[in-house]
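Working notes for the structure below.
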Amino acid sequence: MNRVRVFRWLTLLSYFALVAVLVIWYGLLNPAPIILLLLLVPLLFPLKGLLNGTPYTYAWSSFLILLYFIHGVVEAYSLEAARHLGVMEVILSMTWFVAAIMYVRVGREM
């Protein structure tokens, strides 16, 4: 498997895992439908481009994911009970960020 495909699948995996973590966190463990809606709606904007493999979407979604990185850091620092979920959000957002940037960079080299 070439590197472009690896970074594409890693980006998609971290995207859907982040969505799952947010749904579990704010939908099941700590029900807060307004917060869940506010966190999930921005994630819907890059979905079509990510699924289609559009490099432009991968590039600008890396800016979007920084909001989730900040949210995860704040939640991990401030809420001891949800620290593990905040850390998971940070790890997934970092994975998405690096994989999306590498997808664009490696794809440009080909």
Side-chain angles (χ1 to χ4, degrees):
M1 188 182 302
N2 64 10
R3 294 187 315 164
V4 175
R5 292 182 80 186
V6 169
F7 290 125
R8 179 172 186 239
W9 286 107
L10 191 57
T11 303
L12 290 173
L13 178 69
S14 57
Y15 172 85
F16 287 114
L18 180 64
V19 169
V21 166
L22 292 174
V23 167
I24 290 169
W25 189 355
Y26 291 109
L28 301 174
L29 298 177
N30 186 16
I34 300 297
I35 294 174
L36 180 62
L37 186 68
L38 288 173
L39 288 172
L40 287 183
V41 167
L43 287 176
L44 296 177
F45 293 125
L47 179 60
K48 181 180 177 186
L50 290 176
L51 292 175
N52 290 334
T54 309
Y56 180 75
T57 304
Y58 279 73
W60 71 258
S61 72
S62 65
F63 294 113
L64 173 69
I65 197 58
L66 294 176
L67 298 172
Y68 295 89
F69 175 80
I70 293 168
H71 177 261
V73 168
V74 169
E75 294 291 335
Y77 180 76
S78 62
L79 296 174
E80 187 174 339
R83 184 160 292 147
H84 61 289
L85 294 167
V87 169
M88 285 175 51
E89 185 176 4
V90 168
I91 291 169
L92 290 170
S93 63
M94 286 174 31
T95 304
W96 178 357
F97 181 81
V98 171
I101 294 299
M102 290 305 295
Y103 174 80
V104 173
R105 183 176 178 175
V106 171
R108 185 180 306 157
E109 293 172 359
M110 295 185 95

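Note that the numbering runs from 1 along the sequence shown for the chain.
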*asked:* For Y58 versus L50, what's the shortest heavy-atom pair and its separation?
replied: OH-O, 2.9 Å
*Does some side-chain heavy atom of T54 sit less than 4.5 Å from a side-chain heavy atom of K48?*
no
*Any side-chain heavy atom of I35 sitting closer than 4.5 Å to one from N30?*
no
*Might you point out which heavy atoms bring P46 and T57 nearest each other, and give the distance in Å?*
O-CG2, 3.5 Å
*Is the number of heavy atoms from other residues, nucleotides or ligands under 6.0 Å of I34 CD1 greater than 12?*
no
*Are any of the side-chain heavy atoms of P42 and L67 separated by less than 4.5 Å?*
no
*Please tell me if the side chains of V106 and V6 come closer than 4.5 Å, counting only heavy atoms from C-beta onward.*
no
*For the hydrophobic clusters of this structure (ILVMFWY residues joined by side-chain heavy atoms under 4.5 Å, transitively), does one cluster hold both L38 and L66?*
no
*Check whether L85 and V74 end up in the same hydrophobic cluster, where Ile, Leu, Val, Met, Phe, Trp and Tyr are linked by side-chain heavy atoms less than 4.5 Å apart.*
no
_Using the rule given for side-chain contact (heavy atoms from CB on, under 4.5 Å), can you reason through L18 versus W96, listing the C-alpha separation, both sets of side-chain angles and the distance that settles it, and then say yes or no?_
CA-CA 9 Å; L18 180 64; W96 178 357; 4.0 Å; yes
*What about V21 and L29, same hydrophobic cluster or not, with Ile/Leu/Val/Met/Phe/Trp/Tyr joined at side-chain heavy-atom distances under 4.5 Å?*
yes
*Are M88 and W25 side-chain neighbours, meaning at least one heavy-atom pair lies under 4.5 Å?*
no
*For Y103 and G53, indicate whether the former's side chain and the latter's backbone hold a donor-acceptor pair under 3.5 Å.*
yes
*Which heavy atom of S62 sits nearest a heavy atom of I65, and at what distance?*
O-CG2, 3.1 Å
*hydrophobic_cluster_shared for L64 and L12, side chain cutoff 4.5 Å*: yes
*Any chain of hydrophobic side-chain contacts (each under 4.5 Å) joining V19 to F97?*
yes
*Is the shortest heavy-atom distance from the side chain of L92 to the side chain of F16 under 4.5 Å?*
no
*Is there a donor-acceptor contact under 3.5 Å from the side chain of R8 to the main chain of L51?*
yes
*Can you name the nearest heavy-atom pair linking L36 to V23, along with the distance?*
CD1-CA, 3.9 Å
_Y68 side chain vs V90 backbone, donor-acceptor pair below 3.5 Å_ = no
*How many angstroms lie between atom CG of L22 and atom CD of E89, to the nearest 0.5 angstrom?*
5.0 Å
*Return yes if some donor-acceptor pair links the side-chain N/O of Y15 with the main-chain N/O of L43 below 3.5 Å, else return no.*
yes
